[in-house]
Amino acid sequence: MKKLNSLLHDVTVLNFRFIAKLMRRYRRLSMGAVVGVVAVAMGLYLTQPTVFQKQAFFEIQNRAVEDPHSKGGISDIIQSKAQGLKRPELMAIINSYRFRSRLAELIVRDERFGRLDLRGTLGRSESMEAFSCGSEECHIGKVREAAPKLFTVDAENGTGRYILTVLTRSRDTTSVLLESFRTALQEVRHAEALAQVDGLMGQLEALIQTRKAELEATGGFDKVARSNLLDTLVVQQKDELLKLSTKLAHEKEQLNFQRIRLQESSQVASAEIEDQSKLNFERFVKLKKRAEDLRHNIASLSVSSPEQQSSTERKILSELKRELEEAERELAQAARGPKRNIAVDGSFIDGQISGQSALEFDVKVVQAKVKGLERDYDKAKAKLDGLYSQKLSLDNELQGLKADIEYLKILEAKHLSLKLKRSTLGAEVFFDDYGPDMLVFKRSSLVQIVLFALLALLFFLVLAVALLYLFDDKIYDAEEVKFVCDDLPVLGQAPRFD
């Protein structure tokens with residue numbers, strides 16, 4: 001008990017001065033402990049594997065698919081939400097057998113697979129001989145179990161993104177695992193999205209078939225087909241009616257024109273010839289012709305200047321001018337009399353009388369055409385009214401099926417939209433270019449190991465010298481004699497003759 005009390009101190013708990021004295025006393029043990037701890041520490045540092053770490057940031061958008069029974073618009077069939085995929089859902093994908101198998105397939109089929117080190121970075125790992133197999137299926141099975149231990153996925157705070165951290169024993173292993181993880185996650189998400197859309201398309205197809213069967217049983221499709229046919233016939237009949245109306249208007253215009261011609265011809269044919277008026281007109285025409293001839297002759301003689309004209313030419317020219325003045329005077333007097341009336345032209349009247357029968361025939365022909373067109377127009381109008389009546393009756397019958405028909409159209413529109421969406425469907429997994437550069441380090445640095453070794457050395461050394469001291473019955477100096485013998489005075493010390 002006295003020895004144990006000598007190791008303790010009232011203030012510092014341990015009597016460090018005495019413990020240091022014991023370390024010097026048992027120097028062989030102390031030196032051995034130092035050498036042993038240093039050797040163990042260096043062994044730990046040198047035998048731990050070099051870790052190659054790389055991080056990648058990624059985001060997965062969640063996809064919500066609308067209920068096929070709803071009657072929303074086509075744009076609402078598939079809605080991509082802005083919020084990311086929840087971490088439990090992501091971990092369920094990563095831990096699924098499908099994802100791990102696809103990840104293992106991509107790693108095994110990579111051309112660098114022979115250089116990969118898939119052993120873990122924590123503790124003692126099995127040798128690479130454990131991954132040796134004779135077939136690809138065996139390799140995939142072993143990699144499927146080993147690969148998930150080499151990466152971690154954590155959520156980035158407040159961003160909705162995730163951090164993929166890959167830690168392996170080689171640079172190639174880290175790169176291959178990172179690339180394979182990205183590809184496998186995108187493929188699995190894409191496959192899940194396709195499966196989701198395919199499932200919805202299957203439900204829509206079943207609903208469409210059910211609705212079609214119900215409409216066929218009630219004759220709905222036949223009624224719709226007849227309604228569409230009636231719409232086409234109505235349009236065609238309207239076009240026909242418009243053509244007949246245009247043609248009838250044209251023929252009526254022609255009939256009015258022919259009637260006016262016949263009426264004027266009849267008036268001309270019934271006119272009487274007035275002899276005096278005719279003679280006056282003939283005299284007026286002759287005077288006008290004579291005046292024109294005189295003007296022409298005067299113009300011909302006036303071409304040359306008066307200085308160049310002979311006396312005979314000047315005499316003839318003055319005579320012609322005199323005759324022209326007389327002719328113009330007589331022409332002016334004739335012009336003040338009755339004007340020419342075309343009805344008094346005998347030849348014109350005879351011509352109108354001879355052509356009157358032809359005009360009457362033309363009028364009869366046009367009248368017959370107008371009557372025929374009016375009959376055709378009435379028939380076409382009656383036929384259009386009949387089509388309208390049939391269409392109204394059929395629309396009344398379809399009114400009760402309108403809701404089912406519209407719902408079927410919505411389902412078919414959704415099905416078509418899903419086909420288009422399926423062809424452009426993506427995995428919606430977005431990686432940020434693999435983040436920072438690759439880090440190369442050891443899990444425990446040299447400073448950490450040295451500090452740990454110092455602490456361990458101090459602990460074990462104190463414990464060892466304390467135990468040796470407690471079980472050692474030898475007395476080594478005068479202080480121990482006083483301590484053991486209850487502070488008896490020391491008279492002297494025997495010399496040593498080593």
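Everything quoted here is computed from the prediction, not taken from an experiment.
- A salt bridge is defined here as a Lys NZ or Arg NE, NH1 or NH2 lying under 4.0 Å from an Asp or Glu carboxylate O, and Asp376 with Lys247 fails to meet this definition.
- Every residue two or more places apart in sequence or in another chain that forms a side chain to side chain contact (heavy atoms under 4.5 Å, CB included) with Leu242 is listed here: Thr246.
- Annotation: Phe441, atom CZ; neighbour count of heavy atoms from other residues, nucleotides and ligands within 6.0 Å is above 12.
- Nearest heavy-atom pair, Thr174 versus Gln53, reported as atom, atom and distance to 0.1 Å: CG2-C, 4.5 Å.
- Val51 is not listed as a side-chain neighbour of Val440, based on a closest heavy-atom distance of 4.5 Å or more.
- Between Leu90 and Val153 there is a side-chain heavy-atom pair separated by less than 4.5 Å.
- To the nearest 0.5 angstrom, Leu233 atom CG is 7.0 Å from Lys383 atom NZ.
- Other residues, nucleotides and ligands contribute more than 12 heavy atoms inside 6.0 Å of the NZ atom of Lys391.
- By the 4.0 Å N-to-carboxylate-O rule, Glu136 lies close enough to Arg109 to be salt-bridged with it.
- Ring geometry for Phe431 versus Phe58: interplanar angle under 30°, hence parallel rather than tilted (30 to 60°).
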Requested in this report: Take Thr50 and Lys442, measure what side-chain hydrogen bond (donor to acceptor under 3.5 Å, both in side chains) needs, and give me the verdict at the end.
Outcome: CA-CA 5 Å; Thr50 301; Lys442 292 183 179 293; 3.3 Å; yes
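- For the residue pair Ala464 and Leu29, the shortest heavy atom distance occurs at CB-CD2, 3.7 Å.
- We find that Lys409 and Glu412 are not joined by a salt bridge, their nearest charged nitrogen and carboxylate oxygen being 4.0 Å or further apart.
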Query raised in the report: Arg112 and Glu179: salt bridge (Lys or Arg N to Asp or Glu O under 4.0 Å), yes or no, with the steps?
Result: CA-CA 12 Å; Arg112 295 167 287 181; Glu179 296 170 4; 3.1 Å; yes
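- By the neighbour-count criterion of 12 heavy atoms within 6.0 Å, atom CE of Met91 is densely surrounded, having more than that number from other residues, nucleotides or ligands.
- Just one residue in the list Leu204, Ile410, Leu207 forms a side-chain contact (heavy atoms from CB on, under 4.5 Å) with His415, and that residue is Leu204.
- With Thr173 contributing its side chain and Arg169 its backbone, the two residues share no donor-acceptor pair below 3.5 Å.
- The environment of CG in Asn157 is sparse: at most 12 heavy-atom neighbours from other residues, nucleotides or ligands sit within 6.0 Å.
- A salt bridge links Lys381 to Asp385: at least one charged side-chain nitrogen sits closer than 4.0 Å to a carboxylate oxygen.
- You'll find the side chain of Ile93 stays beyond 4.5 Å of the side chain of Glu89, heavy atoms only.
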Query raised in the report: Passes salt bridge (Lys or Arg N to Asp or Glu O under 4.0 Å), Glu105 versus Arg102? Steps please.
Result: CA-CA 5 Å; Glu105 289 175 4; Arg102 184 54 185 157; 3.0 Å; yes
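- To the nearest 0.5 angstrom, Lys243 atom NZ is 15.5 Å from Lys238 atom NZ.
- With respect to the salt-bridge test (charged N to carboxylate O, under 4.0 angstrom), the residues Arg182 and Glu187 do not qualify.
- The closest side-chain heavy-atom distance from Leu118 to Leu150 is below 4.5 Å.
- When all heavy atoms of Val176 and Asp110 are compared, the pair lying nearest together is CG2-OD1, 3.8 Å.
- Using a 4.5 Å heavy-atom threshold, the side chains of Val143 and Phe113 count as touching.
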